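Note sheet for the following structure.
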Amino acid sequence: MSTLSNRQRFNQIQPPQKLYEKLERLGFGSLRPTKRYAWKNKKIAPVTTTTTAKAAAFQNYEPKEPEYKFPLLSFFAGAKTPASFPPEDLGEIAVVGRSNVGKSSLLNTLAGTTIVRVSDKPGLTQQMNFFTVGKLFYMVDMPGYGFALVDDEERQQWRQLMEDYISNRKTLKRVYMVIDARHGLKVADLDFLRMLDRKKVKFQIVMTKSDIPVLPQLARRIITVQDGLKGFRNAIQDVLVVSSKTGAGINQMRKEILFLMGHLKSKEFYK
Ligand SMILES: Nc1nc2c(ncn2[C@@H]2O[C@H](COP(=O)(O)OP(=O)(O)OP(=O)(O)O)[C@@H](O)[C@H]2O)c(=O)[nH]1
Ligand SMILES: [Mg+2]
């Protein structure tokens, strides 16, 4: 029988180099600068003199991703009952997650705005808010679940509203479950994920506040979250790693959303 605590077991995970390289590309910094990668951090192609040195250096050179932007974000509708949902005329994505994990902040950072209200106190978003991204698609901000300060009845109503929406909304293309990089998947998240699986709704985890843990802890957290997803049939296995504060990982998420909503061609997405 193992006598290691969860914390000790967590600290023993050895994330692969590939994961650190991915995090570095997303803007989370590097483990330690090595001579091999030092020039890469300068974000320019290396200047070399001999042809062989040039070929070797360019083998490691990755061209910078284009910067993806969303068109103007506008508030479109707020809903406390299904009757107030807007018509199903555009594709949409929705963010769900525990209170205060950073759902509303994430929408702001994706859209490059501050119009979605955020707060350092949990329980700010108290209805479903629909935002239009230009005229391309909707982004839907949800109240957090597992919020202790509302009474049971109200919590039950929110949960019912979210379930109704998720089960019946024809234009909903993906649910993004936002989790805090310091905490990973909690009981309330797993409970919500089981509901999504039962309803056969595709979902993807977005780990936000990823600027807070140090890099090895962040990498370990990603591994434990990926492990936790193994039993779910409707999970996208790839976990998005972002920070709404520093903007790391946001360009990648914008790119994936634009592709999902049909506004980026396969040729451009996979190049
Ligand atoms: N360091 C850091 N803080 C963040 C990040 N994202 C959000 N926050 C902070 O987390 C707090 C909660 O953010 P919100 O976006 O309001 O969280 P929410 O999930 O919408 O909360 P509810 O509407 O109450 O469910 C705010 O104080 C944000 O500034 C992040 O990526 N990094
Ligand atoms: Mg909110």
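Numbering of ligands and ligand atoms starts at 1, following listing order. As the structure is a computational prediction, the values presented were derived from the model and not from experiment.
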Cation-pi between Lys255 and Phe269: NZ/CZ under 6.0 Å from ring centre and within 45° of the ring axis?
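Yes, Lys255 lies over the aromatic ring of Phe269.
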
Is it true that atom CZ of Arg182 has more than 12 heavy atoms of other residues, nucleotides or ligands lying nearer than 6.0 Å?
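Buried by this count: over 12 neighbours within 6.0 Å.
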
Please state which part of Ser244 comes within less than 4.0 Å of ligand 1, counting heavy atoms only: side chain, backbone, both or neither.
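For Ser244, backbone and side-chain atoms both sit under 4.0 Å from ligand 1.
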
Just let me know how Val242 lines up against ligand 1, side chain, backbone, both or neither, with a heavy-atom cut-off below 4.0 Å.
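Val242 to ligand 1: no contact under 4.0 Å from either part.
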
Starting from [atom], locate the nearest protein heavy atom and write down its residue, its atom name and how far away it is, to 0.1 Å.
{"atom": "atom 1 (N) of ligand 1", "value": "Asp211 OD2, 3.0 Å"}
{"atom": "atom 19 (O) of ligand 1", "value": "Lys103 NZ, 2.7 Å"}
{"atom": "atom 24 (O) of ligand 1", "value": "Gly123 N, 2.6 Å"}
{"atom": "atom 23 (O) of ligand 1", "value": "Thr125 OG1, 2.8 Å"}
{"atom": "atom 11 (C) of ligand 1", "value": "Ser119 O, 3.4 Å"}
{"atom": "atom 5 (C) of ligand 1", "value": "Lys209 CG, 3.6 Å"}

We want to know whether Asp211 and Thr246 form a side-chain donor-acceptor pair, criterion being a heavy-atom distance below 3.5 angstrom.
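No.
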
Looking just at side-chain N and O atoms, do Asp141 and Ser104 make a donor-acceptor pair shorter than 3.5 Å?
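Distance-only check passes for Asp141 and Ser104.
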
I want to know whether [X] and [Y] have ring centres closer than 6.0 Å.
{"X": "Tyr145", "Y": "Phe192", "result": "yes"}
{"X": "Tyr68", "Y": "Phe259", "result": "no"}
{"X": "Phe75", "Y": "Phe131", "result": "yes"}
{"X": "Tyr165", "Y": "Phe85", "result": "yes"}

Met142 N/O under 3.5 Å from ligand 1 N/O:
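Between Met142 and ligand 1, no N or O pair is found under 3.5 Å apart.
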
Ignoring angles and geometry beyond distance, decide whether Gly102 reaches within less than 3.5 Å of ligand 1 through its nitrogen or oxygen atoms.
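Yes, at least one N or O pair falls under 3.5 Å.
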
Near [X], which atoms of ligand 1 are under 4.0 Å from a heavy atom of that residue?
{"X": "Val101", "result": "19 (O)"}
{"X": "Ile212", "result": "1 (N)"}
{"X": "Ser243", "result": "31 (O)"}
{"X": "Thr208", "result": "31 (O)"}
{"X": "Asn100", "result": "11 (C), 12 (C), 17 (O), 18 (P), 19 (O), 21 (O), 22 (P), 24 (O), 25 (O)"}
{"X": "Gly144", "result": "25 (O)"}

State, yes or no, whether a side-chain contact exists between Leu196 and Asn234 at a heavy-atom distance under 4.5 Å.
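Not touching, per the 4.5 Å side-chain cut-off.
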
Going by an N to O cut-off under 4.0 Å, is there a salt bridge joining Asp227 and Lys230?
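Result for this pair is yes, salt bridge flagged.
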
Arg159 and Glu163 ion-paired at < 4.0 Å:
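Result for this pair is yes, salt bridge flagged.
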
Listing by chain and number, what protein N/O/S atoms are under 2.8 Å from the Mg ion (ligand 2)?
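Under 2.8 Å from the Mg ion (ligand 2) - ignoring waters, which are not counted - the protein N, O or S atoms are Ser104 OG, Thr125 OG1.
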
When you measure from the side chain of Glu92 to the backbone of Phe137, do you find a donor-acceptor pair of N or O atoms at a distance under 3.5 Å?
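It does not hold such a pair.
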
Nearest neighbour of atom 7 (C) of ligand 1 from the list Ser104, Ala248, Ser105, on a heavy-atom basis
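Residue with the shortest heavy-atom distance to the ligand atom: Ser105.
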
Are Val133 and Phe130 joined in one hydrophobic group, where the rule is that I, L, V, M, F, W and Y side chains link up if heavy atoms are under 4.5 Å apart?
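Val133 does not cluster with Phe130.
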
Tell me whether Leu107 is reachable from Ile257 by hopping between hydrophobic residues (I, L, V, M, F, W, Y) whose side-chain heavy atoms are closer than 4.5 Å.
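Same cluster.
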
